[in-house]
Amino acid sequence: MVTGPDLSAEDARERYVESVLTVVEQVPPGRVTSYGAIAGVVGSGPRRVGNVLARHGAPVPWWRVVRADGSLPPSHEENARPHYLDEGTPLRSTGAVDMPAAFWDPETRE
DNA sequence: TTGGTGACGGTAT
DNA sequence: TATACCGCCACCA
């Protein structure tokens, strides 16, 4: 078989990206979820999720997606803080998100 | 084609 | 409690 472009695989990748962005959009204001939680829903590893947001995360509320410990890379943390204050997201004195209070599980939607 | 990299996560020290 | 290291896996140069 001639090695043509695998369009099905490319389409699968596109649907995967769309799935991730859809989950992010479903996170309620004032709540956050983690890369790992999204990974569990879309069926992939957490680094994949971060990679997707890095490339296609601009149009979605990316600040509602944080690391498992509730923190974000310093630069993004600066951009996210205003959103947290505006949405009333529970924060800790460290500047990270108060995970036990703010975590939203995309699988149980609570 | 091969190798390096990363918006992470968990475990070990 | 903080730091280091490894595992994972697709994307980019």
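A note on names: the letters A, B, ... follow the listed sequences, proteins ahead of strands, and every chain is numbered from 1.
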**Q.** Heavy-atom protein contacts under 4.0 Å, nucleotides 4-9 of chain C, coded B base, S sugar-phosphate only, - none
**A.** ---BB-
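Look at CG on A:Asn51: it is 9 Å from C1' on B:dT5, rounded to the nearest Å. In this structure, A:His76 atom NE2 and B:dA7 atom C1' are separated by 6 Å, rounded to whole Å. In this structure, CG of A:Leu53 is placed 6 Å from C1' of B:dA7, rounded to the nearest angstrom. Rounding to whole angstrom units, CD of residue A:Glu78 and P of B:dA7 are separated by 17 Å. When the C1' atom of B:dC8 is taken as reference, atom CH2 of A:Trp62 falls 17 Å away, rounded to whole Å. The interatomic distance linking A:Asp69 (CG) with B:dG9 (P) rounds to 7 Å, in whole Å.
Across all strands, A:Ala54 comes closer than 4.0 Å to base atoms (heavy-atom distances).
Taking CZ of A:Arg67 as the start and CD of A:Glu77 as the end, the distance is 10.5 Å to the nearest 0.5 Å. Taken from NE2 in A:His56 to OH in A:Tyr16, the straight-line distance is 11.0 Å, to the nearest 0.5 Å.
With sequence neighbours left out, the salt bridge (Lys or Arg N to Asp or Glu O under 4.0 Å) criterion links A:Glu78 to A:Arg81.
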I'd like a table of donor-acceptor pairs (distance under 3.5 Å, sequence neighbours excluded) in which one partner is a side-chain atom from residues 32-55 of chain A, with atom names and distances.
from, atom 1, to, atom 2, distance (Å)
A:Thr33, OG1, A:Trp104, O, 3.0
A:Ser34, OG, A:Ala37, N, 3.1

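Panel note: side chain A:Arg31, backbone A:Ala102; a donor-acceptor pair is recorded below 3.5 Å.
Which of B:dA7, C:dC11, B:dG10 sits closest to the side chain of A:Ala68 comes down to B:dG10.
The aromatic rings of A:Trp63 and A:His83 lie parallel to each other, their planes meeting at an angle below 30°, with 60° marking the opposite boundary.
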